[in-house]
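Structure first, then comments.
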Amino acid sequence: MNILENISLKKYNTFGIEANAAYFSSFKSIDELSELLAFKQPSTLILGGGSNILFTQNFNGLVLKNEMDGIIKIKEDDAYVYVKAGAGVNWHSLVLFCIANNWAGLENLSLIPGNVGASPMQNIGAYGVEIKEVFYELEALHKEDGKTVVFNLNDCAFGYRESVFKRKYKNQFVITSVTYRLNKKPTFNTSYGAIELELERMQVKELSIRAISDAVINIRSSKLPNPAEIGNAGSFFKNPEVPKDQFDNLKKVFPNMVGYALENGNVKLAAGWLIEQSGPQDVVSWKGYRKGDAGCHAKQALVLVNHGNATGTEIYSLSEEIIRSVKEKFGVVLVREVNII
Ligand code: FAD
Ligand code: EPU
């Protein structure tokens, strides 16, 4: 067990924020994890790829980087294969592994940064699919009693960017592996308009999970900033849900407002549009706005960026200003998606 002291977390978060961990270690197995958890600290923080985190201060406890590896097929039946991956496996590597084996279900989720262990945390989603649609079960270790618990689909209470691990069991469990149920016979999901357009542009003759993955990769690369080049954590806010009446009233004043009808009768608004259509005093739009090194991405207003040396507090303050101005203009309150530490 090797516990390091006073370690910079800059390279461990895709925002590239400078913050220190009082103690830092990593684990490759449940035994190593158990040993580390016995090293009692005021708090522990489990870290995957650090792509959905904003550090606004130093972390005064023990940061534990999950490096549990391995992908195995645990069983199969006529329709499905069940694939179990260690929480430390890079998400996109798992997606590519499944595509190479012709196991369908993850292709729409190509190129999402981060690791397997965080995928159930916020029920990651993109381009018409959320992991709850292919999720089978996960194993998690309780930080206090050290017992391993299996969570099935219902136990996880998945919602839009939500799970039981962000609410009732917040900070209580370490997810050690996740098992996905993948289709042997794919049903292609091209419901997200941009995918159809990209497939056409690519002149795809025969639809396949690889073609969908390639299309998603192209779309994502065209508008989302690569964290290796510019610090960010993807969408900073969730897309807000409002009652249909409120949407209809807003539409009368803002005819171009973007919204998608939900099954529950509400409407999901595009937060990127709300942010693009509002701005700080004397500036038309937040999109492309920059204050010091904290900014709002020029191609996707929902993504806040670190142009170099922004502090976590500067990014957070910018997010507060955006929330205030969107609320003033549209009466809609944006909620942060990124985990604030
Ligand atoms: P981290 O940032 O390391 O951790 C996130 C949270 O989960 C933290 O609270 C952490 O403590 C906790 N955690 C991590 N691992 C474990 C574990 N094993 N056990 C218990 N708790 C754990 N997300 C989407 O849903 N859809 C997208 O399309 C999308 N696009 C993105 C694009 C970019 C460019 C970026 C930078 C991010 C994007 N994200 C997206 C957000 C992010 O990639 C996902 O939320 C991802 O699942 C985070 O994984 P991670 O391993 O980096 O988690
Ligand atoms: N829009 C604008 N201006 C912008 C950005 C978006 O007007 O600057 C409008 C456009 O009309 C566009 C609509 O918003 O058609 C939706 O934009 P986009 O397709 O880029 O998706 P999003 O709603 O901004 C969500 C997820 C992403 C996910 C994509 C694709 C959330 C919070 N974000 O973004 O997830 O990749 O859809 O499915 O739900 C993440 O969670 O980090 C993330 C990147």
Side-chain angles (χ1 to χ4, degrees), residues 12-15 27 33 44-55 59 63-68 86-92 108-131 138-141 143 160-161 163 165-166 169-178 191-195 216 219-240 256-260 268-277 285-288 296-303 305 334-341:
Y12 296 108
N13 71 97
T14 61
F15 250 125
F27 57 95
L33 170 63
T44 49
L45 173 71
I46 308 301
L47 205 56
S51 64
N52 206 21
I53 265 189
L54 177 70
F55 289 105
F59 189 74
V63 171
L64 293 174
K65 181 146 171 43
N66 191 324
E67 291 179 352
M68 293 181 71
V89 170
N90 171 266
W91 174 259
H92 188 57
N108 293 55
L109 302 172
S110 294
L111 214 62
I112 296 181
N115 296 350
V116 162
S119 65
M121 290 296 297
Q122 67 161 13
N123 175 28
I124 55 169
Y127 298 97
V129 173
E130 292 181 332
I131 68 133
L138 64 77
E139 288 174 353
L141 187 109
K143 281 180 176 177
Y160 165 61
R161 299 296 191 268
S163 77
F165 303 102
K166 280 180 81 174
Y169 295 138
K170 193 171 160 97
N171 292 329
Q172 290 187 36
F173 283 95
V174 183
I175 295 167
T176 53
S177 71
V178 185
S191 58
Y192 209 91
I195 296 188
V216 167
I219 300 164
R220 295 183 70 97
S221 309
S222 72
K223 58 181 168 187
L224 288 169
N226 178 352
E229 287 158 18
I230 177 163
N232 76 93
S235 302
F236 199 87
F237 305 98
K238 294 185 190 185
N239 285 327
N256 296 328
M257 179 175 274
V258 183
Y260 313 93
K268 190 178 272 187
L269 305 180
W273 188 90
L274 298 174
I275 298 169
E276 179 169 350
Q277 300 301 319
S285 172
W286 288 108
K287 198 168 180 173
C296 183
H297 190 50
K299 292 186 192 161
Q300 225 302 359
L302 196 45
V303 178
V305 293
L334 294 181
V335 172
R336 294 179 185 85
E337 190 228 74
V338 169
N339 298 282
I340 310 293
I341 307 290

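Just so you know, these numbers come straight off a predicted model, no measurement behind them. Whatever order the structure lists them in is the order used to number ligands and atoms, beginning at 1.
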Legend entry - Closest approach of any protein heavy atom to atom 11 (O) of ligand 1, naming residue and atom: I46 O, 2.7 Å
Inset, instruction - Looking only at distances, please establish whether an N/O atom of ligand 2 is found under 3.5 Å from an N/O atom of L302. - result: no
Legend entry - Contact check, F236 vs ligand 2, heavy-atom distance below 4.0 Å: no
Legend entry - side chain to side chain contact (heavy atoms under 4.5 Å, CB included) assessment of Q122 paired with F165: CA-CA 8 Å; Q122 67 161 13; F165 303 102; over 6 Å; no
Legend entry - Closest protein heavy atom (residue, atom, distance) for atom 20 (C) of ligand 1: F173 O, 3.4 Å
Inset, instruction - Around atom 23 (N) of ligand 1, find the nearest protein heavy atom and jot down its residue, atom name and distance. - result: Q122 NE2, 3.2 Å
Legend entry - Distance filter under 4.0 Å to N115 heavy atoms, resulting ligand 1 atoms: 49 (O), 50 (P), 51 (O)
Legend entry - Option nearest atom 3 (O) of ligand 1 (shortest heavy-atom distance, choices S235, A140, G48): G48
Inset, instruction - Say whether P227, considering both its backbone and side-chain N or O atoms, lies within less than 3.5 Å of an N or O atom on ligand 1. - result: no
Inset, instruction - Of the side chain and backbone of N339, name the one, both, or neither that has a heavy atom under 4.0 Å from an atom of ligand 1. - result: side chain
Legend entry - Among Y260, F237, W273, closest by any non-hydrogen atom to atom 15 (O) of ligand 2: Y260
Inset, instruction - State, with a plain yes or no, whether a side-chain heavy atom of L45 is found less than 4.5 Å away from one of L64. - result: no
Legend entry - For atom 18 (N) of ligand 1, the protein heavy atom that lies nearest, with its residue and separation: I175 O, 2.9 Å
Inset, instruction - Among all protein heavy atoms, pick the one closest to atom 7 (O) of ligand 1 and tell me residue, atom and distance. - result: M121 CG, 3.5 Å
Legend entry - G88 near ligand 1 by a heavy-atom separation under 4.0 Å: no
Inset, instruction - Identify, for atom 40 (C) of ligand 1, the protein heavy atom at the shortest distance, and state residue, atom and that distance. - result: I112 CG2, 3.8 Å
Legend entry - ligand 1 N/O within reach of G50 N/O, cut-off under 3.5 Å: yes
Legend entry - SB check E276 K287 (cutoff 4.0 Å): yes
Legend entry - Contact check, side chains of P113 and W91, non-hydrogen atoms, under 4.5 Å: no
Inset, instruction - Heavy-atom contacts with A233 under 4.0 Å: which atoms of ligand 1 show up? List them by number with element. - result: 35 (C), 36 (C), 37 (C)
Inset, instruction - Kindly indicate whether the side chain of Y192, heavy atoms from C-beta on, has any atom under 4.5 Å from the side chain of I219. - result: no
Legend entry - ligand 1 contact on L109 by region, counting heavy-atom pairs under 4.0 Å: neither
Legend entry - Spacing of E130 atom CD and L109 atom CG [to the nearest 0.5 Å]: 9.0 Å
Legend entry - ligand 2 contact by W286, heavy-atom criterion under 4.0 angstrom: no
Inset, instruction - For atom 28 (O) of ligand 1, find the nearest protein heavy atom and state the residue, atom name and distance (0.1 Å precision). - result: R220 NH1, 3.0 Å
Inset, instruction - Measure up the F173 and Y169 rings against each other and bin them: parallel (under 30°), tilted (30 to 60°), perpendicular (over 60°). - result: perpendicular
Inset, instruction - Check whether any N or O atom of S119, backbone or side chain, sits under 3.5 Å from an N or O atom of ligand 1, and answer yes or no. - result: no
Inset, instruction - Determine, step by step, whether N66 and L33 satisfy the side chain to side chain contact (heavy atoms under 4.5 Å, CB included) criterion, reporting the C-alpha distance in whole Å, the side-chain angles of both residues, the deciding distance to 0.1 Å, and the verdict. - result: CA-CA 9 Å; N66 191 324; L33 170 63; over 6 Å; no
Inset, instruction - Run the contact test for R161 against ligand 1 with a 4.0 Å cut-off on heavy atoms, strictly below, and give the result. - result: yes
Inset, instruction - Write out the residue and atom name of the closest protein heavy atom to atom 42 (C) of ligand 1, then the distance separating them to 0.1 Å. - result: S51 OG, 3.3 Å
Inset, instruction - Show which atoms of ligand 1 fall inside a sub-4.0 Å distance from at least one heavy-atom site of L45. - result: 11 (O)
Inset, instruction - Just let me know how N66 lines up against ligand 1, side chain, backbone, both or neither, with a heavy-atom cut-off below 4.0 Å. - result: side chain
Inset, instruction - Check whether any N or O atom of R161, backbone or side chain, sits under 3.5 Å from an N or O atom of ligand 2, and answer yes or no. - result: yes
Legend entry - Whether N339 side chain and N52 backbone form a donor-acceptor pair below 3.5 Å: yes
Legend entry - Shortest reach to atom 26 (N) of ligand 1 by a heavy atom, considering only G114, A118, G125, A126: G125
Legend entry - 4.0 Å heavy-atom contact, R220 with ligand 2: yes
Legend entry - For T44 against F59, the heavy-atom pair lying closest together: C-CZ, 3.8 Å
Inset, instruction - Indicate yes or no: at least one non-hydrogen side-chain atom of M121 is less than 4.5 angstrom from one of I175. - result: yes
Legend entry - Proximity winner for atom 33 (C) of ligand 1, if only heavy atoms of G86, A87, P113, P225 are counted: P113
Legend entry - atom 10 (C) of ligand 2 touched by protein heavy atom at under 4.0 Å: no
Legend entry - Element-labelled atoms of ligand 2 that are located less than 4.0 Å from some non-hydrogen atom of G234: 42 (O)
Legend entry - Chi angles and distances behind the side chain to side chain contact (heavy atoms under 4.5 Å, CB included) call for L334, I275: CA-CA 10 Å; L334 294 181; I275 298 169; 3.8 Å; yes
Inset, instruction - For ligand 2, find out whether one of its N or O atoms is nearer than 3.5 Å to an N or O atom of Y160. - result: yes
Inset, instruction - Taking the side chain as every heavy atom from C-beta outward, state whether L269 and L274 have any atom pair closer than 4.5 Å. - result: yes
Inset, instruction - Starting from the C-alpha separation in whole Å, work towards a yes-or-no answer on side chain to side chain contact (heavy atoms under 4.5 Å, CB included) for F237 and V303. - result: CA-CA 8 Å; F237 305 98; V303 178; over 6 Å; no
Legend entry - ligand 2 to S235 polar contact by distance, N or O atoms, under 3.5 Å: yes
